[in-house]
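In what follows, residues are counted from 1 in the order of the sequence shown.
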Amino acid sequence: MPRTQADTASPLRHSLFEDAYALVIGCSLIVLGLACLHRAGLVTGGVAGVALLLSYVVKLPAGLLFTLINIPFLAFACRTMGGAFALKTLIVSFSVTLSALVFPHLMTLGAINPFWAAFFGGTTIGMGILSLARHQAGVGGTGVITLWLYKTRGWNAGKSQLAIDAGILALSLLVIDVRHVLLSAVSAVAISGVVATFHRPGRYTGY
């Protein structure tokens with residue numbers, strides 16, 4: 001079937017409103033997913049997982065740890081991914097932190113099945129990351145590395161993230177028991193699964 005003019009036309013850039021809306025959606029989904037994991041005593045991969053893991057050790061809010069851990073990655077993003085990407089990622093980082101502080105005043109989670117928390121929480125975080133990635137932003141941390149590898153080497157972002165997450169989960173054995181680590185692995189696979197499935201070259205034409 002011949003391609004139409006609409007098929008071959010250059011993709012339109014997202015408007016400022018579309019970018020802002022995507023950031024709100026992405027941050028909201030990420031915070032909801034993190035709340036599910038924290039309620040079940042789980043961790044996950046990426047900078048979010050490191051922040052959750054450290055919050056069980058040093059008793060500081062995961063949101064604050066999230067921002068502190070992100071600082072060197074934001075510097076890397078500014079140098080390698082451009083100022084616009086770094087600025088959006090900085091905004092996302094602080095937005096996630098602020099949202100995490102506000103979330104308990106908006107919603108309180110009751111009992112949640114640990115396996116469902118891992119699957120649903122991970123999937124929700126993955127959809128939030130996808131929303132941000134499609135608008136040239138990220139949550140920072142290891143996500144900056146995976147998006148940089150995708151941009152410069154063409155490596156699948158989800159598979160790269162999965163490899164990094166495996167190392168983070170291995171370290172979590174020092175803090176939480178094996179059962180919770182295995183459940184946390186489900187959340188990490190869910191996150192990477194969403195990104196690997198839907199963030200592919202040529203599948204999405206917006207940028």
Side-chain angles (χ1 to χ4, degrees), residues 19-20 22-31 33-34 37-38 42-58 60-101 121-122 124-172 174-175 184 187-192 194-196 199 207:
D19 282 342
L23 293 180
V24 171
I25 294 173
C27 291
S28 299
L29 290 174
I30 290 170
V31 170
L34 288 175
L37 296 177
H38 191 272
L42 305 177
V43 297
T44 189
V47 66
V50 176
L52 279 172
L53 186 62
L54 290 178
S55 71
Y56 298 139
V57 178
V58 299
L60 290 175
L64 174 60
L65 293 169
F66 181 91
T67 299
L68 294 176
I69 296 169
N70 249 335
I71 292 175
F73 292 100
L74 289 171
F76 178 79
C78 185
R79 181 175 181 180
T80 61
M81 300 293 286
F85 178 89
L87 177 60
K88 289 182 180 180
T89 302
L90 178 64
I91 293 173
V92 170
S93 178
F94 282 105
S95 295
V96 169
T97 300
L98 292 175
S99 298
L101 295 175
T124 303
I125 293 172
M127 293 303 296
I129 292 173
L130 182 66
S131 174
L132 298 172
R134 285 183 168 181
H135 289 258
Q136 296 299 297
V139 295
T142 57
V144 172
I145 304 299
T146 57
L147 289 177
W148 175 73
L149 291 173
Y150 167 76
K151 181 179 179 180
T152 60
R153 307 287 179 83
W155 292 9
N156 185 283
K159 293 179 180 179
S160 299
Q161 187 65 55
L162 188 60
I164 296 173
D165 291 345
I168 295 173
L169 291 173
L171 288 176
S172 68
L174 300 174
V175 180
S184 298
S187 73
V189 171
I191 294 173
S192 297
V194 169
V195 179
H199 193 269
Y207 63 94

Check: V96 main-chain N/O paired with S99 side-chain donor or acceptor under 3.5 Å: no
Minimum-distance pair of heavy atoms, taken over all atoms of G122 and A190: C-CB, 3.8 Å
Residue list, side chain to side chain donor-acceptor pair (under 3.5 Å) with S131, at least two apart or on another chain: none
Table please: side-chain donor-acceptor pairs of residues 48-57 below 3.5 Å, with sequence neighbours left out.
residue : atom : partner : partner atom : Å
S55     : OG   : L52     : O            : 2.5
Y56     : OH   : L42     : O            : 3.0

Spacing of L169 atom CG and I164 atom CD1 [to the nearest 0.5 Å]: 12.0 Å
Main-chain N/O of F66 paired to S93 side chain as donor or acceptor, under 3.5 Å: no
Close side-chain approach of V58 to L65, heavy-atom, < 4.5 Å: yes
Worked check of side-chain contact (heavy atoms from CB on, under 4.5 Å) between L132 and I30: CA-CA 10 Å; L132 298 172; I30 290 170; 3.8 Å; yes
Non-neighbouring partners of L29 that pass side chain to side chain contact (heavy atoms under 4.5 Å, CB included), sequence neighbours left out: I25, T124, M127
Test side-chain contact (heavy atoms from CB on, under 4.5 Å) applied to I125 and L37, step by step: CA-CA 10 Å; I125 293 172; L37 296 177; 3.8 Å; yes
Rounded distance [0.5 Å steps], CG in L130 versus CD1 in I191: 12.5 Å
Shortest non-hydrogen contact between G45 and I168, atoms and distance: C-CD1, 4.1 Å
Interatomic spacing from CZ in F94 to CG in L74 - rounded to 0.5 Å: 7.5 Å
Worked verdict on T44 versus D165 for side-chain contact (heavy atoms from CB on, under 4.5 Å): CA-CA 7 Å; T44 189; D165 291 345; 5.8 Å; no
